[in-house]
Amino acid sequence: MAIRPSATWRNEVSQSSDAAELYTPAMLEATDAALDTFEDEARSLGGALDERILATVERVVEQLNTIDKSTAPSAPSSARNCAST
């Protein structure tokens with residue numbers, strides 16, 4: 001059985017307070033929800049056409065990208081200042 005990235009991230013959070021800034025509870029919950037939906041859809045695919053399979057994969061990738069963008073911590077002000085110069 002595959003180990004979800006969110007399980008690994010929860011383990012990192014339990015071992016390092018720095019990881020808690022990257023892997024917030026909201027991010028972990030949203031990731032698990034997206035993966036739950038993906039797993040449900042994948043189970044129903046059976047012998048589906050490639051287009052349907054790829055559409056299912058594309059949906060979860062887009063969901064995970066949205067989660068990443070919406071829950072990513074802000075860059076420190078010093079990093080933002082360097083990027084604008």
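Everything numeric in this text was worked out from a predicted model, so none of it was measured.
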Student check: side-chain heavy atoms of D32 and R10 closer than 4.5 Å: yes
Is it true that V61 and W9 fall in one hydrophobic cluster, defined by side-chain heavy atoms closer than 4.5 Å? yes
Can you see which heavy atom on A34 is nearest to which on I67, and at what distance? CB-CD1, 4.0 Å
Tell me, do Q63 and F38 make a side-chain contact under 4.5 Å, heavy atoms counted? no
If you define the side chain from C-beta out and look only at heavy atoms, does anything of K69 sit under 4.5 Å from T66? no
Test item: V60 and T37 side chains (from C-beta on) under 4.5 Å apart, heavy atoms: no
Contact summary for A42 and T56, nearest pair of heavy atoms: N-CG2, 4.4 Å
If you measure from CG on D68 to CG on L64, what distance do you get to the nearest 0.5 Å? 8.5 Å
Taking all non-hydrogen atoms of both residues into account, name the closest pair between T31 and S6 and its distance. CG2-CB, 4.3 Å
Does a salt bridge link E39 with R4, judged by any charged N lying under 4.0 Å from a carboxylate O? yes
In this structure, would I53 and L35 fall into the same cluster of hydrophobic residues linked by side-chain contacts under 4.5 Å? no
Calculate, to the nearest 0.5 Å, the distance between atoms CG and OH belonging to N11 and Y23 respectively. 11.0 Å
